[in-house]
*Asks:* 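Please see the structure below; I have some questions.
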Amino acid sequence: MHDTGAAPIRTSRETGKPGTPGKPGTSGKAGRKEWTGLAVLILPVLLVSLDMQVLSYALPFISAELAPSGSQLLWIVDIYPFVLAGLLLTMGSLGDRIGRRRLLMLGAIVFGLASVTASLATDPVLLIATRALLGVGGATLMPSTLSLIRTMFTDDGQRRAAIAVWTGAFAAGAVLGPLLGGILLEHFWWGSVFLVNLPVMALLLLLAPALLPESRATGPGRFDLLSAALSLAAVLPAVYGIQKTAEDGLHAVPTVAFAVGLAVGWYFLRRQRRLDEPMLDVRLFRDRAFSASVATSVLAIFSLVGSGLFTTQYLQMVLGYGPLRAGLWALPAAGAAMASSALAPLLARAVRPVAVVAGGLVVAAGGYGVLTRLDADSGVAVIVTGTVVMAAGITLVMTTTSDLVIATAPADRAGSVSGLSQTATEFGGAFGIAVLGSIGTAVYRHDMARHLPDDLPPSAATAARDTLGGAVDTAGRLPAEAGADVLAVARDAFAHGLRIASWTTAGLLLAMAVLSVFLLRHTVRGGDADGDGAPGEGAGDGAAERAAGQQA
């Protein structure tokens with residue numbers, strides 16, 4: 001295996017002393033303090049994941065009290081993920097320079113203050129602004145947590161276990177969001193969904209100085225403001241274009257926005273190649289383990305978010321479950337995800353990463369195969385079985401690829417690489433919504449146009465053909481027999497769209513499983529290639545780490 005020339009300069013915090021955070025692959029073992037610190041690190045992960053889920057349940061209450069326009073309501077939802085995605089890479093790079101723990105604590109303060117302001121918002125514009133500020137805070141939290149894990153857990157096995165816990169926290173947040181949202185909104189006002197952030201942020205600020213080490217790159221060079229601006233200018237319009245295409249179909253504005261994002265992104269990468277101290281070291285993509293892991297993570301999130309897009313609607317609008325009951329039926333899948341994240345590091349001790357990644361992709365494809373059997377009368381058993389299998393496979397993949405990304409990257413660039421990894425998952429989620437949502441919508445509208453009763457009023461027919469939610473609302477205003485006919489057709493059409501999207505995703509997952517066997521076949525448990533990769537592969541941390549990886 002050949003180094004890329006991107007080996008980092010070590011700080012004193014990154015030397016391998018027994019019992020302390022040391023160089024990855026050495027005998028230095030994390031102790032009780034580091035494991036307790038991991039519990040602190042998963043707090044913001046849990047919170048960001050939860051925050052992405054809980055708002056959707058508060059939207060009807062926000063609409064009733066603040067009376068936002070349709071456009072304002074969309075921005076209340078969208079501004080948070082837009083800003084989060086646009087700033088992840090910049091914040092990761094900033095953490096490498098000013099200190100990852102410092103950035104984590106600054107982000108906690110911003111997140112907490114924005115949460116208080118959001119809960120007290122009296123008009124839609126203020127709520128949009130505070131949601132944007134929440135995105136700024138969230139962008140500092142995610143790369144900081146993963147890069148601190150890289151610093152704290154330098155033994156390969158312990159690092160894999162820590163990343164498994166970190167990955168499992170996302171699943172826990174995804175489950176707690178609907179449950180917590182349902183409970184809070186039954187007893188309190190809509191602003192309570194933001195105030196739950198405060199005790200978590202307070203606990204983080206209280207415990208972080210004592211339990212988390214400070215770490216930063218040595219001699220990272222100046223922070224390139226132009227690169228930061230270009231990163232934001234590339235990601236924001238690209239994500240905007242993807243999501244708006246998913247919501248409204250293919251139109252000029254989102255298409256142009258996506259094209260602008262791609263053009264700025266190309267210039268950003270070109271600039272990074274010329275800089276002596278780039279925000280993103282593009283040479284890392286020469287490493288097959290790194291590039292394959294990032295690509296696989298994108299597809300994994302693509303599948304996971306796409307599944308959530310359909311299953312939530314199926315439970316609530318096809319089976320007629322309320323938000324809290326639908327959230328309870330999501331528990332089995334979340335439990336499978338958390339169990340799978342715990343299993344991943346155990347598998348990594350026995351087999352190579354390629355077996356875990358490819359196997360996880362095949363399992364996830366099997367889960368989607370179960371979902372291809374779903375129809376409007378299937379009930380809850382089929383959808384729960386499919387999502388349980390899918391979630392187990394996807395979590396195996398995500399846990400393993402997250403470890404490969406962070407293990408392969410130089411320690412001095414842990415923050416920027418973590419930011420890149422999180423940005424990739426944001427794009428994966430956006431593409432999942434756009435592509436699978438578009439497939440499901442196209443099938444739904446095609447079936448509705450063919451089978452919707454002809455005697456409906458034009459306005460009712462238009463609303464029912466547009467979305468399943470529109471059909472449910474329309475059916476409630478029609479006479480009982482006509483409403484039942486509309487609901488039956490709409491539910492069958494939605495289930496058909498879900499099946500076609502599931503077949504598509506299963507095929508993509510199987511194709512990626514085959515590709516991952518080729519790309520990761522030389523990767524050993526430590527995250528490096530085993531010696532016979534192509535030049536430029538395995539951009540690890542030096543000869544000692546490579547030797548340790550080969551011995552594993």
Side-chain angles (χ1 to χ4, degrees), residues 163 167 170-171 242 284-310 333 336-337 340-341 343-344 347-348 351-372 386-408 420-440 498-524 527 529 533-534 537-538:
I163 289 178
T167 306
F170 279 106
I242 294 168
L284 290 170
F285 286 98
R286 299 173 187 169
D287 183 338
R288 284 184 181 177
F290 181 87
S291 55
S293 296
V294 171
T296 306
S297 295
V298 170
L299 182 59
I301 292 295
F302 174 101
S303 307
L304 191 64
V305 172
S307 167
L309 175 70
F310 288 104
S340 185
S341 69
L343 178 63
L347 290 176
V351 297
R352 289 191 171 206
V354 61
V356 183
V357 172
L361 290 168
V362 171
V363 170
Y368 267 103
V370 173
L371 294 179
T372 64
T387 54
V388 163
V389 176
M390 180 275 300
I394 290 297
T395 309
L396 272 181
V397 174
M398 289 298 299
T399 303
T400 306
T401 54
S402 294
D403 178 63
L404 286 174
V405 167
I406 203 66
T408 305
L420 171 66
S421 176
Q422 295 302 308
T423 302
T425 60
E426 289 293 324
F427 268 103
F431 273 112
I433 292 172
V435 175
L436 298 182
S438 296
I439 290 172
L498 192 157
R499 291 195 299 273
I500 298 300
S502 296
W503 279 116
T504 303
T505 311
L508 290 173
L509 289 168
L510 290 175
M512 192 68 209
V514 174
L515 187 60
S516 69
V517 171
F518 171 74
L519 293 174
L520 296 174
R521 68 188 187 281
H522 297 304
T523 305
V524 296
E537 294 175 2

*Asks:* Using atom types as modelled and distance alone, determine if a side-chain donor or acceptor of Thr372 lies under 3.5 Å from a backbone N or O of Gly369.
*Replies:*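 Such a contact is found between Thr372 side chain and Gly369 backbone.
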*Asks:* Residues in side chain to side chain contact (heavy atoms under 4.5 Å, CB included) with Ser340, at least two apart?
*Replies:*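 So Ser340 forms a side chain to side chain contact (heavy atoms under 4.5 Å, CB included) with Ala392, Thr395, Leu396.
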*Asks:* Considering the options Leu304, Thr296, Ile301, which one meets the side chain to side chain contact (heavy atoms under 4.5 Å, CB included) requirement together with Val397?
*Replies:*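 The single option meeting the side chain to side chain contact (heavy atoms under 4.5 Å, CB included) with Val397 is Thr296.
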*Asks:* Could you pull out all residues at least two apart from Ser297 that satisfy side-chain hydrogen bond (donor to acceptor under 3.5 Å, both in side chains)?
*Replies:*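 Partners of Ser297 by the side-chain hydrogen bond (donor to acceptor under 3.5 Å, both in side chains) criterion, ordered by chain and then number, come out as Thr401.
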*Asks:* Can you give each donor-acceptor pair under 3.5 Å made by side-chain atoms of residues 500-507, sequence neighbours left out, with the distance rounded to 0.1 Å?
*Replies:*
unit_1, atom_1, unit_2, atom_2, d
Ser502, OG, Leu498, O, 2.8
Thr504, OG1, Ile500, O, 2.9
Thr505, OG1, Ala501, O, 2.8

*Asks:* For Ala295, what residues pass the side chain to side chain contact (heavy atoms under 4.5 Å, CB included) criterion, not counting sequence neighbours?
*Replies:*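 Once residues adjacent in sequence are excluded, the partners of Ala295 under the side chain to side chain contact (heavy atoms under 4.5 Å, CB included) criterion are Met512.
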*Asks:* Just verifying a value: how many Å separate Met398 CE and Ile163 CD1, rounded to the nearest 0.5 Å?
*Replies:*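 With rounding to 0.5 Å, CE (Met398) is 11.0 Å from CD1 (Ile163).
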*Asks:* Nearest 0.5 angstrom please: Leu519 CG to Ser293 OG, how far?
*Replies:*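 Here the interatomic distance stands at 9.5 Å.
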*Asks:* Considering residues at least two apart in sequence or located in another chain, which fulfil the side chain to side chain contact (heavy atoms under 4.5 Å, CB included) criterion with Val298?
*Replies:*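 For Val298, the residues satisfying side chain to side chain contact (heavy atoms under 4.5 Å, CB included) (neighbours in sequence not counted) are Ala424.
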*Asks:* Side chains of residues 356-364: which donor-acceptor partners sit under 3.5 Å, not counting sequence neighbours?
*Replies:*
none

*Asks:* Which heavy atom of Ala333 sits nearest to which heavy atom of Val388, and what is that distance?
*Replies:*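 That closest heavy-atom pairing would be N-CG2, 3.7 Å.
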*Asks:* To the nearest 0.5 Å, what is the distance between OG on Ser341 and CD1 on Ile394?
*Replies:*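 Ser341 atom OG to Ile394 atom CD1 measures 13.5 Å (nearest 0.5 Å).
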